[in-house]
Asker: 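The structure follows.
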Amino acid sequence: MTLETAPSTQVLLDLEDACPGVLGEPLPGSSVPFWPQVRSAFMFAIMDHFFATTSVPKSSSRVQIGRRALAAFGPSRRDPRWLRGPRPLVYLTSGTTTHLVNSRTRNWLVGDFAEAFPRESVILQSAPLPAQLPAFEPTRSLSRFDLRAGVRARLGRAAATVARDVERMVSEYARLLDIPIAEDRIRAITNSATYHQALQPFREHSILKMIDRLDPLVALIQGASYGTGSSLVLALKRRGVHVVEPQHGWIGPSHGAYNFGAAMFEPELAAMLPDELLTFGEYWSSGIRAPYATTSIGKPHLEAMCRGAQAWERRPQEVLLVSSVADPGEATEFGRALADALPDGWTLRFRPHPSERVVVRDRYAALLEHRRVALDLEHDVYVSLRSSRVVVGVASTVLFEALALGCRVFAVANAVSPYYVGDLFGSLVHGPDSVTDIIGNLAPPSRSVSRETLDALWKPNATQNFREWADRRLQTTTSG
């Protein structure tokens, strides 16, 4: 199955294929090209131009921020400053890809990999450590580094000069694009980049001091292709560290963070991207355009959950509707129509996007008041999937995962469907008037998705694949 490139991604590719020299320029006083560091911010702005979304703003109270800041300067035995090496494998993650196992928090993205090399590995996450202890003990949070860096950045005196330089570069990038971007969006990109530039020297100084103590050979960095941490990627490479990104979600020809134009293949810009991307399977590896290598590994957590999944006929008579975030009103209308049409004995479970959980009861009040709709707040999506007979959603990795877990899957049509799901799930469902297409097919999944296709999506034996890859990589790095 071949997917088209979305027009939003094509705008980025066209800009980089034109190779304007400004994309390789650093900010004054810096030796690091600036474009990769704001590329993803422009990617999201361009996507919003073509495909309007309704995101949920993130917020923290001043009390929370104050408490964290005080804690950041206090003593803690889990402060990453106390880590010592050597640790050949370092994992830098968001800390949000977690689930609970025996009352401990486990990172499902890299936990299996770290556990395969327990003495060689350490997990460093951006999010604060939760109340539950981590399942993999050498897990530390970088949030203390971030808060300390934030305080020091605010005490700095170079902010005004940095802001002017950032504004000039961001405005020039916006001018070169073939589409108009609203002034308030350009201002938001400028403000965010200005803060990041002020924070970056302090944050990276702390992280690199720790890295020098750990002396890693390989760093696996979640989201390294997005570019916001590209100066850190470059600094790690200069230290001889092999930088790798583990795939964490959907990628393909329409994902702007994993498709690059000619300028990003130039050595000075390619050096700010990872050396290698570890994917879930060959399906994902073959769908991107990037200057780095791809290696199919698989997804250990999904593989483990598949082994424990019940047969389709033994699962509750439930349909799982997965939120796409994009349009709450549209999702509510569709969900109510689907719930109304379900046969007796069936229930619709609505699963909000993680970013919607704190506001879900307000955001989807009209859907949740329906007598046949239940709210799904299970932390681990795979627990929800393997107890569902049918899964319905828009453009989401969850749909692909549901195939592996033996669910009947229906993809709902919207503006991005042709670029994200194609025809893998059969005919698309077109809005509330087409819910009968689902109701008439509440049956076990067909055999239209072959074993070969599933293995291309989710390569089998993921942990063993990683173990073999890491053994080769560590030997190569050591001998090199």
Asker: Listed by chain and number, what are the ring pair (Phe, Tyr, Trp, His ring centres under 6.0 Å) partners of W458, not counting sequence neighbours?
Answerer: F280, W284

Asker: Measure from the side-chain N and O atoms of E356 to the backbone N and O of R363, and report whether any donor-acceptor pair falls under 3.5 Å.
Answerer: no

Asker: For the CG atom of L405 and the CG atom of L302, what is their distance to the nearest 0.5 Å?
Answerer: 5.5 Å

Asker: May I ask you to check whether S388 and R349 show a side-chain donor-acceptor distance below 3.5 Å?
Answerer: yes

Asker: How close do S8 and I46 get, counting heavy atoms only, and between which atoms?
Answerer: O-CG2, 3.4 Å

Asker: Please test T98 against H379 for side-chain contact (heavy atoms from CB on, under 4.5 Å), starting from the C-alpha separation and ending with a verdict.
Answerer: CA-CA 8 Å; T98 60; H379 187 72; 3.5 Å; yes

Asker: How close do P352 and R357 get, counting heavy atoms only, and between which atoms?
Answerer: CG-CG, 4.2 Å

Asker: Verify, without hydrogens or angle tests, whether T190 (side chain) and I186 (backbone) share a donor-acceptor contact under 3.5 angstrom.
Answerer: yes

Asker: Do L142 and Q125 have side chains that approach each other closer than 4.5 Å (heavy atoms only, starting at C-beta)?
Answerer: no

Asker: Just by distance, do the side chain of S417 and the backbone of N414 share a donor-acceptor pair under 3.5 Å?
Answerer: yes

Asker: In terms of heavy-atom contacts, does CG of D184 have more than 12 from other residues, nucleotides or ligands at under 6.0 Å?
Answerer: yes

Asker: Which heavy atom of M272 sits nearest to which heavy atom of P36, and what is that distance?
Answerer: SD-CG, 3.7 Å

Asker: Tell me yes or no: between the side chains of S143 and D146, is some donor less than 3.5 Å from an acceptor?
Answerer: no

Asker: Could you tell me which residues satisfy ring pair (Phe, Tyr, Trp, His ring centres under 6.0 Å) with H255, sequence neighbours excluded, listed by chain and number?
Answerer: Y226, Y258

Asker: Between the side chains of E318 and S387, is a donor N or O closer than 3.5 angstrom to an acceptor N or O?
Answerer: no

Asker: Under the side-chain contact (heavy atoms from CB on, under 4.5 Å) rule, what do N259 and T5 come out as? Steps first, then yes or no, please.
Answerer: CA-CA 10 Å; N259 291 271; T5 299; over 6 Å; no

Asker: Quick one, Y292 with S225, criterion side chain to side chain donor-acceptor pair (under 3.5 Å). Give me CA distance, side-chain angles, the key distance, then yes/no.
Answerer: CA-CA 10 Å; Y292 44 68; S225 295; 2.8 Å; yes

Asker: Within the distance-only criterion (no hydrogens, no angle test), does the side chain of Q132 pair as donor or acceptor with the backbone N or O of T105 below 3.5 angstrom?
Answerer: no

Asker: Quick check on E4: does its CD atom have over 12 non-hydrogen neighbours (other residues, nucleotides or ligands) under 6.0 Å away?
Answerer: no

Asker: Which pairs with one or both residues in residues 329-338 pass side chain to side chain donor-acceptor pair (under 3.5 Å), sequence neighbours excluded?
Answerer: none

Asker: Given side chains that start at C-beta, do those of L13 and R289 come closer than 4.5 Å, heavy atoms only?
Answerer: yes

Asker: Heavy atoms, side chains only, cut-off 4.5 Å: are F260 and R39 in contact?
Answerer: yes

Asker: Which atom pair, heavy atoms only, marks the closest approach of P444 to E313?
Answerer: CG-OE2, 3.9 Å

Asker: Using a 3.5 Å distance criterion without hydrogens, assess whether the side chain of T228 forms a donor-acceptor pair with backbone atoms of Q37.
Answerer: no

Asker: Only counting residues at least two apart or in another chain, list the ones meeting ring pair (Phe, Tyr, Trp, His ring centres under 6.0 Å) with F425.
Answerer: F400

Asker: With a 4.5 Å limit on heavy-atom distance, are the side chains of L277 and E245 in contact?
Answerer: yes

Asker: Can you check side-chain contact (heavy atoms from CB on, under 4.5 Å) on L220 and L278, steps first, answer last?
Answerer: CA-CA 9 Å; L220 293 94; L278 304 184; 3.9 Å; yes

Asker: Given C407 and R389, is the side-chain contact (heavy atoms from CB on, under 4.5 Å) satisfied, shown in steps?
Answerer: CA-CA 5 Å; C407 305; R389 292 194 180 190; over 6 Å; no

Asker: Nearest 0.5 angstrom please: D48 CG to I181 CD1, how far?
Answerer: 10.0 Å

Asker: Hey, mind stepping through T97 and N107 against side chain to side chain donor-acceptor pair (under 3.5 Å) and telling me if it holds?
Answerer: CA-CA 6 Å; T97 55; N107 190 309; 3.2 Å; yes

Asker: Quick one, S323 and R351 - any side-chain contact, counting heavy atoms below 4.5 Å?
Answerer: no

Asker: Verify, without hydrogens or angle tests, whether S126 (side chain) and S94 (backbone) share a donor-acceptor contact under 3.5 angstrom.
Answerer: no

Asker: Assess whether atom CZ of R361 is packed by more than 12 heavy atoms of other residues, nucleotides or ligands within 6.0 Å.
Answerer: no

Asker: After noting the C-alpha distance and the side-chain angles of D455 and R451, does the key distance pass the salt bridge (charged side-chain N to carboxylate O under 4.0 Å, His left out) rule?
Answerer: CA-CA 6 Å; D455 287 351; R451 183 74 257 170; 3.2 Å; yes

Asker: Going by atom types only, do T139 and Y91 share a side-chain donor-acceptor pair under 3.5 Å?
Answerer: no

Asker: With distance as the sole test, does S450 use its side chain to make a donor-acceptor pair with the main-chain N or O of T453 at under 3.5 Å?
Answerer: yes

Asker: After noting the C-alpha distance and the side-chain angles of E137 and R104, does the key distance pass the salt bridge (charged side-chain N to carboxylate O under 4.0 Å, His left out) rule?
Answerer: CA-CA 10 Å; E137 198 287 325; R104 287 178 175 260; over 6 Å; no

Asker: Between T279 and T294, is a side chain to side chain donor-acceptor pair (under 3.5 Å) present by the stated rule, with each step listed?
Answerer: CA-CA 7 Å; T279 68; T294 60; 5.9 Å; no

Asker: Determine whether E167 and R164 satisfy the following criterion, salt bridge (charged side-chain N to carboxylate O under 4.0 Å, His left out), listing intermediate values before the conclusion.
Answerer: CA-CA 5 Å; E167 182 178 18; R164 287 194 297 271; over 6 Å; no

Asker: Might you point out which heavy atoms bring V358 and S355 nearest each other, and give the distance in Å?
Answerer: CG2-O, 4.5 Å

Asker: Between S285 (side chain only) and E282 (backbone N and O only), is there a donor and an acceptor less than 3.5 Å apart?
Answerer: no

Asker: Does anything in residues 425-443 pair up under side chain to side chain donor-acceptor pair (under 3.5 Å), and if so which pairs, sequence neighbours excluded?
Answerer: none

Asker: Going from CD1 on I179 to NE2 on H49, what distance comes out if it is rounded to the nearest 0.5 angstrom?
Answerer: 4.5 Å

Asker: Could you go through the salt bridge (charged side-chain N to carboxylate O under 4.0 Å, His left out) check for R148 and D79 one step at a time?
Answerer: CA-CA 12 Å; R148 291 172 193 144; D79 192 317; 2.4 Å; yes

Asker: How about L342 and T347: do any of their side-chain heavy atoms sit closer than 4.5 Å?
Answerer: no

Asker: Tell me if a side-chain donor or acceptor on R106 pairs with a main-chain N or O of F136 at a distance below 3.5 Å.
Answerer: no

Asker: Measure from the side-chain N and O atoms of Q317 to the backbone N and O of W346, and report whether any donor-acceptor pair falls under 3.5 Å.
Answerer: no

Asker: Is there any ring-ring contact (aromatic ring centres under 6.0 Å, His included) pair reaching into residues 347-370, and which pairs are they, with sequence neighbours excluded?
Answerer: F350-Y364

Asker: Quick one: sort the W108 and H301 rings into parallel, tilted or perpendicular, breaks at 30° and 60°.
Answerer: parallel

Asker: A side-chain contact here means heavy atoms from C-beta on lying under 4.5 Å apart; do F113 and P300 qualify?
Answerer: yes

Asker: What pair of heavy atoms forms the shortest contact from A224 to V233, and how long is it?
Answerer: CB-CG2, 4.4 Å

Asker: What I'd like to find out is whether the side chain of W35 reaches to under 4.5 Å of the side chain of L15, using heavy atoms alone.
Answerer: yes

